[in-house]
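Encoded as structure tokens, the structure appears first; notes follow it.
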Protein chains: 2
Amino acid sequence: MSTASEAHRPAGRPRTAVLSRERILAAAFELADVRGGDFTLAALARSLGVRPSALHHYFAGKDELIAGMRGQLTARIGDHGFETSPWHVAILSWARAHRLTFGAHPGIIAALATLPVADEPESIVDYERIAAALRRDGYPEHRIVPAIVAIESFIIGSALDSLAPEDNLRPVANRGIAPHLTGAEEAARDHALARGHSAATETFEFGLTALVAGLRAAGTSAETDPTSGADA
Amino acid sequence: MSTASEAHRPAGRPRTAVLSRERILAAAFELADVRGGDFTLAALARSLGVRPSALHHYFAGKDELIAGMRGQLTARIGDHGFETSPWHVAILSWARAHRLTFGAHPGIIAALATLPVADEPESIVDYERIAAALRRDGYPEHRIVPAIVAIESFIIGSALDSLAPEDNLRPVANRGIAPHLTGAEEAARDHALARGHSAATETFEFGLTALVAGLRAAGTSAETDPTSGADA
DNA sequence: ACCTGAACACCGTTCAAGT
DNA sequence: ACCTGAACACCGTTCAAGT
């Protein structure tokens, strides 16, 4: 909790500034840490002991605030050895860091996923580093961006999936009509538990490993022409 | 556009019902088809020539309405040959259908992705069919649900990504500071254009093919112990 | 420059009142 | 049973007014 109980502040410019971009962002992350809490500017202002309109002095609107949060998260995730390790090794660490970071702020995952990635400097630097590693390792030029986007899509989708209740695919009521699904879900959960992971983590690791392995094979093998699907 | 201009309807029960679940859902899909249009109950009521409160007579709230839409979409996507084709073949068709269906209703992708998948009968039937095919084809029992979830996460993430502007990773302003990224993006776009696809479709196809190939390999190979990552 | 306070145009949801 | 209409508790954003 931030210092929200200042009794009452009179109108007019305060002698010393109450807010700052950093203070607002810190409070925003605090707000995003609680799961059910609706992430609104009004709630953010309340936690800062301030009126909602005061926030517009530092961020043009809600979208810009969220973009600022994403920029800070991206910078925080930072490098993961793309200069020294092969891309398919560094990308695993990078992807795990993203998942953990998103998971730490469940209240904002949906907003991050929904808002289109603007060209923030932090993101550009991040992508550039990965693209450079892929090229250095001989990945086909025209496959570099698709590979990055595919991994990012998987991470975003996984983060959203993690918001769902634990027993999402384990509806006890439907045990009778979905025997294969129910059995498979129990087997997956038991396996994860035996390895000391949550089911969600084990699922993420399995999917990530498979995706990166598939992308690596598609990049190193001779360019085959996959069956083309219907376009939109 | 639905019949929204009925001049004025007096209070009280109309002689014949104006609404129905089907009519509301149809109007909801129409509303979700336009990209920028905010998907609100108020806008939906307007398009139906009705007051917002009337909708609560058919759906308990907005979440239930969206769940109803997802149920109808899932049923519409239907079977994709899981009984007759190997899972890794049928799943490609299934995934493409999902992407096209989501893409046809851009206004609701975010809502579908955000709202946790409740145990709707339609979804359970869908998952059960896929789980049965995986088991039949000898996929390891404890990997079945993780594989399905991984593909679903990729589809959701890709659908959200498709909402982003075209030139998302091609910031002309950053050409200087991100040469690898800019070059890779141009190469990907040229390659997609030469094959008659949009860049988004080519990216989706590439990622989907790689993911399914990776999942297939992970399921048929001897169970290796992948390096375990940190848990949340 | 930096905040309050009032105002505006919205939301989703509830519920009495009408037929 | 099925709709209107009013009401409630919210939103995000704008802007004049205060220091």
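In what follows, chains are A, B, ... by sequence order, proteins preceding strands, each numbered from 1.
Straight-line distance from the CG atom of A/L55 to the C1' atom of D/dG12: 11 Å, rounded to whole Å. For the pair A/L44 CG and D/dC11 C1', the computed distance is 14 Å after rounding to whole Å. For the pair A/E64 CD and D/dG12 C1', the computed distance is 14 Å after rounding to whole Å. Atom-to-atom, CZ of B/R9 to C1' of D/dC2 comes out at 10 Å; the value is rounded to the nearest Å. Look at CZ on A/F39: it is 17 Å from C1' on D/dC10, rounded to the nearest Å. Atom CG in B/L65 sits about 12 Å away from atom C1' in C/dG12, given to the nearest Å. Atom NE2 of A/H57 and atom P of D/dC15 are 13 Å apart (whole Å). Straight-line distance from the NE2 atom of B/H8 to the P atom of D/dC3: 15 Å, rounded to whole Å.
Here A/Y58 lies in heavy-atom contact (under 4.0 Å) with sugar-phosphate atoms only. B/P52 comes within 4.0 angstrom of a base, heavy atoms only. Contact annotation for B/A17: backbone-only contact, meaning every heavy-atom pair under 4.0 Å involves sugar-phosphate atoms and none involves a base.
In this structure, the side-chain hydrogen bond (donor to acceptor under 3.5 Å, both in side chains) partners of A/H180, at least two apart in sequence or on a different chain, are B/E128. The side chain to side chain contact (heavy atoms under 4.5 Å, CB included) search around A/P106 returns A/R35, A/L163, not counting sequence neighbours. Listed by chain and number, the residues in a ring-ring contact (aromatic ring centres under 6.0 Å, His included) with B/F206 amount to none (sequence neighbours excluded). With sequence neighbours excluded, the residues that form a salt bridge (Lys or Arg N to Asp or Glu O under 4.0 Å) with A/D79 are A/R129. For A/E122, the side-chain hydrogen bond (donor to acceptor under 3.5 Å, both in side chains) criterion is met by no residue, not counting sequence neighbours. Not counting sequence neighbours, the partners of B/S53 by the side chain to side chain contact (heavy atoms under 4.5 Å, CB included) test are B/R51. For A/S93, the side-chain hydrogen bond (donor to acceptor under 3.5 Å, both in side chains) partners two or more places apart in sequence, or in a different chain, are A/H80. Under the side-chain hydrogen bond (donor to acceptor under 3.5 Å, both in side chains) criterion, A/D33 pairs with A/H105, sequence neighbours left out.
Residue B/R15 places its CZ atom among 12 or fewer non-hydrogen atoms of other residues, nucleotides or ligands, all under 6.0 Å distant.
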Under 3.5 Å, which donor-acceptor pairs link side chains of residues 58-67 of chain A to any protein atom two or more places apart or in another chain?
| from | atom 1 | to | atom 2 | distance (Å) |
| --- | --- | --- | --- | --- |
| A/Y58 | OH | A/L19 | O | 3.2 |
| A/K62 | NZ | A/F39 | O | 2.9 |
| A/E64 | OE1 | A/A60 | N | 3.2 |

Tabulate atom names and distances for all N/O pairs under 3.5 angstrom spanning the protein and nucleotides 6-9 of chain D.
none

Enumerate all atom pairs, one protein N or O and one N or O from nucleotides 16-19 of chain C, separated by less than 3.5 Å.
| from | atom 1 | to | atom 2 | distance (Å) |
| --- | --- | --- | --- | --- |
| C/dG18 | N2 | B/G12 | O | 3.4 |
| C/dG18 | N2 | B/R13 | N | 2.3 |
| C/dT19 | O2 | B/R13 | N | 3.2 |

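Nearest heavy atom pair, residue A/L211 against residue B/G207, reads CD1-O, 4.1 Å.
Minimum atom distance to the side chain of B/R46 is reached by C/dC11, of the listed D/dT13, C/dC11, C/dT13. Distance from the side chain of B/T40 is smallest to C/dG12 among D/dG12, C/dG12, D/dA1. Closest approach to the B/H56 side chain among D/dT4, C/dT14, C/dC3 is made by C/dT14 (side chain taken as heavy atoms from C-beta onward). Comparing atom distances between the B/A42 side chain and each of C/dG12, D/dT13, C/dC3 picks out C/dG12 as nearest.
With hydrogens and angles left out, the side-chain atoms of A/E152 and A/Y127 include a donor and acceptor closer than 3.5 Å.
At the phosphate of C/dC3, neither OP1 nor OP2 sits under 4.0 Å from any side-chain N or O atom of A/R51.
Taking a pair as Watson-Crick or G-U with both hydrogen-bonding distances under 3.5 Å, the stems of three or more pairs touching DNA chain C are C:4-8 with D:12-16, C:12-16 with D:4-8.
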